[in-house]
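Below, chains carry the letters A, B, ... as their sequence lines are ordered, and counting in each starts from 1. Just so it is clear, the values below take in all heavy atoms, side chains as well, and ignore hydrogens, waters and symmetry mates.
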Number of protein chains: 2
Amino acid sequence: MTTPHRLFKDRIYEQLARVGKALAAPRRVELLDHLGQGPRTVEALAELAGTSVANASQHLQVLRAARLVEARKRGPYVEYRLAADDVSRFFVALRSLAGSRLAEVEQVTRAYFAGRGGDEAVGGDELIGRVRRGEVTVLDVRPAEEFRAGHIPRAVSIPVDELKARLKELPRDREVAAYCRGPYCVMAVEAVELLRKKGYTAHRMEQGVPDWRARGWRVATAREAAR
Amino acid sequence: MTTPHRLFKDRIYEQLARVGKALAAPRRVELLDHLGQGPRTVEALAELAGTSVANASQHLQVLRAARLVEARKRGPYVEYRLAADDVSRFFVALRSLAGSRLAEVEQVTRAYFAGRGGDEAVGGDELIGRVRRGEVTVLDVRPAEEFRAGHIPRAVSIPVDELKARLKELPRDREVAAYCRGPYCVMAVEAVELLRKKGYTAHRMEQGVPDWRARGWRVATAREAAR
DNA sequence: TGACGATTCAAGCGTACGCTTGAATGCTCG
DNA sequence: CGAGCATTCAAGCGTACGCTTGAATCGTCA
């Protein structure tokens, strides 16, 4: 017996599973993660994910079919981007769930960060509070392009490989909160290491722009910073 | 070239995709949804999802491998339940994302609710506010067992099929907010219809217990209600 | 202890998926 | 208008998945 109720439920769950399916392949998760840092061309994404362009294109189309990303022609390139802030929110929820439920994630992360003078994060929310209140200098160590695509308001952009040479742009007497792409990104760890060696008080902020956006807070872009 | 960084990323994304895979099959999404109403035995879940026991068991083990649910022997039965509140939160995020991104969800839902005197919900957050402040009578029309497993604090339990006979338990001079399992559940719609016919001021609350839990609010259980 | 019942295991089948390769499409710019 | 390049399409291969069926396991209760 196929009741109309059953039919309705089947349709709804099928739709929800569409989103699940989109997140079922590691490479798609990776693409989504990179898109969280800003719009990208297919070629750039393929490079970042370490795969062929055709393969990346294929995955991007799956993500697009699930309405998680949008494509847009821009010059000779096709630029992909997350479809909405909801997607950031959802992705952060996925990361958080996996982080708290799957012991493997923590193990792998600890092993990787161990060789890099792990900072063991200063109680995340406490630091975030200070950042929001403007009590610390916020340092964005990602490549300038990602900073331009979106950054935490009032953050200073110094890519990690230029940090040593541009230290004088950071006031010595203020605490520094460095961030990069998110909890699994090591650039901020390296930055903090360097800053401390140079006598700064510095902490690593685990959250990146997607986390910031997921909380519903304003994200600044290059255009408005230029005003 | 396989850098250690690449290796690390591959592992992380593989773990995240484990969760994605768990949500990639419609039937598993359905099981998860039902578990959001409270613990269930394999047989009960199979019945609810309209499938065989062996099939349900199989899916439940996939969910368990992804640490989304936990199994526990209870009498002659194995009782499954969501592994943590994170899971509710995540599931609600999934539903919300699918609802806002996939036009199909809205279409299907509208078509289904149309035949049932759709209520078009009274601006959800506004109603929730009144519920939280105790300004309305909260009515839980789910089966008593689900109410016992967890309900919105101060809610009154009257299963929808007993409502007509037990109307006198509801004060006439107070507005009623009826809820059931969530946004795709029709029981509350029917209840509101009946209540209005009988002269009550009644609204349907789209949110169910999982939504309530996802927001981090307290969920009451039968045991404490008995004090 | 023994029997029953709830659940899980195991095997088999058809389909869908992810990846690779090579060709085709469609813009853009000269 | 045509060349060149970014992207997509299409086909083929191997694997994994979801579902079904029938047997095995495990715990419980008489």
Side-chain angles (χ1 to χ4, degrees), chain A residues 2 6 9-11 13-35 39-66 68-81, chain B residues 2 6 9-11 13-35 39-66 68-81:
Chain A
T2 307
R6 183 74 248 165
K9 290 212 298 185
D10 284 350
R11 290 220 189 115
Y13 293 124
E14 188 187 322
Q15 293 301 320
L16 297 194
R18 272 177 72 181
V19 178
K21 281 206 223 314
L23 297 170
R27 196 139 272 158
R28 279 200 291 273
V29 176
E30 171 161 16
L31 290 171
L32 220 46
D33 192 19
H34 289 130
L35 284 172
R40 289 284 141 80
T41 67
V42 178
E43 193 171 15
L45 286 165
E47 165 78 25
L48 285 167
T51 185
S52 71
V53 172
N55 188 345
S57 171
Q58 214 168 120
H59 281 304
L60 286 166
Q61 280 170 71
V62 175
L63 290 172
R64 194 163 60 143
L68 299 184
V69 308
E70 285 170 355
R72 177 179 163 184
K73 195 94 197 192
R74 216 176 162 75
Y77 304 98
V78 173
E79 185 185 83
Y80 280 83
R81 61 174 64 215
Chain B
T2 308
R6 183 75 248 164
K9 289 210 299 185
D10 283 350
R11 290 220 191 113
Y13 292 124
E14 188 188 321
Q15 293 302 318
L16 297 195
R18 273 177 70 182
V19 177
K21 282 206 222 322
L23 297 169
R27 197 141 271 157
R28 280 201 291 274
V29 175
E30 172 160 18
L31 291 171
L32 219 47
D33 191 20
H34 289 130
L35 285 172
R40 290 285 141 80
T41 67
V42 178
E43 194 172 12
L45 287 165
E47 165 77 25
L48 285 166
T51 185
S52 72
V53 172
N55 186 326
S57 171
Q58 216 168 119
H59 281 303
L60 286 166
Q61 281 169 68
V62 175
L63 289 173
R64 194 162 61 140
L68 299 184
V69 308
E70 284 169 356
R72 178 179 164 183
K73 195 94 199 190
R74 217 178 159 74
Y77 304 98
V78 173
E79 185 186 84
Y80 279 85
R81 62 173 64 213

### Query
In whole angstroms, how far is the P atom of dT8(C) from the CD atom of E79(B)?
13 Å
### Query
Does the side chain of L45(A) come within less than 4.5 Å of L35(A)'s, by heavy atoms?
yes
### Within residues 40-47 of chain B, residues whose heavy atoms come under 4.0 Å of DNA chain D
none
### Summary
Taking dT20(D), dC19(C), dT20(C) as options, the one with an atom nearest any side-chain atom of N55(B) is dT20(D)
### Query
Could you give the distance from CG (L32(A)) to NE2 (H59(A)), rounded to the nearest 0.5 Å?
12.5 Å
### Query
Where do E30(A) and L48(A) come nearest, in terms of heavy atoms and distance?
OE2-O, 3.5 Å
### Query
Taking atom C1' of dC19(D) as reference, at what distance in whole Å does atom CD of Q61(B) sit?
15 Å
### Task
Could you pull out the closest heavy-atom pair between A71(A) and Y80(A), with the gap in Å?
CB-CE2, 3.6 Å
### Task
Quickly work out the R64(B) CZ to dT8(C) C1' distance and round it to whole Å.
10 Å
### Query
Of Q58(B) and V62(A), whose nearest nucleotide on DNA chain C comes first from the 5' end?
Q58(B)
### Message
What's the separation between atom CD in E14(A) and atom CG in D10(A), rounded to the nearest 0.5 Å?
### Response
8.0 Å
## Note on the structure
Closest non-hydrogen contact found for A17(B) with A25(A) is CB-C, 4.0 Å
### Query
Bend across the helix from dT1(C)-dA30(D) to dG30(C)-dC1(D), to 10°, with axes taken over 5 pairs at each end?
30°
### Task
Give me the residues of residues 17-34 of chain A where at least one heavy atom lies under 4.0 Å from an atom of DNA chain D, by number, or none.
none
### Query
What's the closest nucleotide to the S52(A) side chain, out of dT7(D), dA10(C), dT21(C)?
dT21(C)
### Message
With a 3.5 Å distance limit and no angle check, can you tell me whether R28(B) reaches the backbone of A22(B) through a side-chain donor-acceptor pair?
### Response
yes
### Query
V53(B) has a side chain; which of dT8(D), dA10(D), dT7(C) sits nearest to it?
dT7(C)
### Task
Identify the heavy atoms of V69(A) and L60(A) that sit nearest to each other, and give their distance.
CG2-O, 3.9 Å
### Query
Hey, does R40(A) have a side-chain heavy atom less than 4.5 Å from the side chain of Y77(A)?
no
### Task
With the side chain counted from C-beta on, respond yes when L16(A) and L23(B) share a heavy-atom pair under 4.5 Å apart, and no when they do not.
no
### Query
Rounding to a whole Å, what distance do you find between Y77(A):OH and dT28(C):P?
12 Å
### Task
Would you kindly give the CG-to-P distance between D10(B) and dC19(C), to the nearest whole Å?
11 Å
### Task
Look at H59(B) and dC17(D) and indicate whether a side-chain polar atom (N or O) is within less than 4.0 Å of OP1 or OP2.
no
### Query
For E79(B), which residues count as a salt bridge (charged side-chain N to carboxylate O under 4.0 Å, His left out) partner, sequence neighbours excluded?
R74(B), R81(B)
### Task
Can you see which heavy atom on A46(B) is nearest to which on S52(B), and at what distance?
CB-O, 3.7 Å
### Integer-rounded Å distance: dG18(D) C1' and E14(A) CD
14 Å
### Message
Per the salt bridge (charged side-chain N to carboxylate O under 4.0 Å, His left out) rule, what does the pair list look like for residues 18-27 of chain B, sequence neighbours excluded?
### Response
E104(A)-R18(B)
### Query
Quick one: is S57(A) getting a side-chain N or O under 4.0 Å of the dT8(D) phosphate, OP1 or OP2?
yes
Pairs under 3.5 angstrom, nitrogen or oxygen only, protein versus nucleotides 25-30 of chain D, please.
none

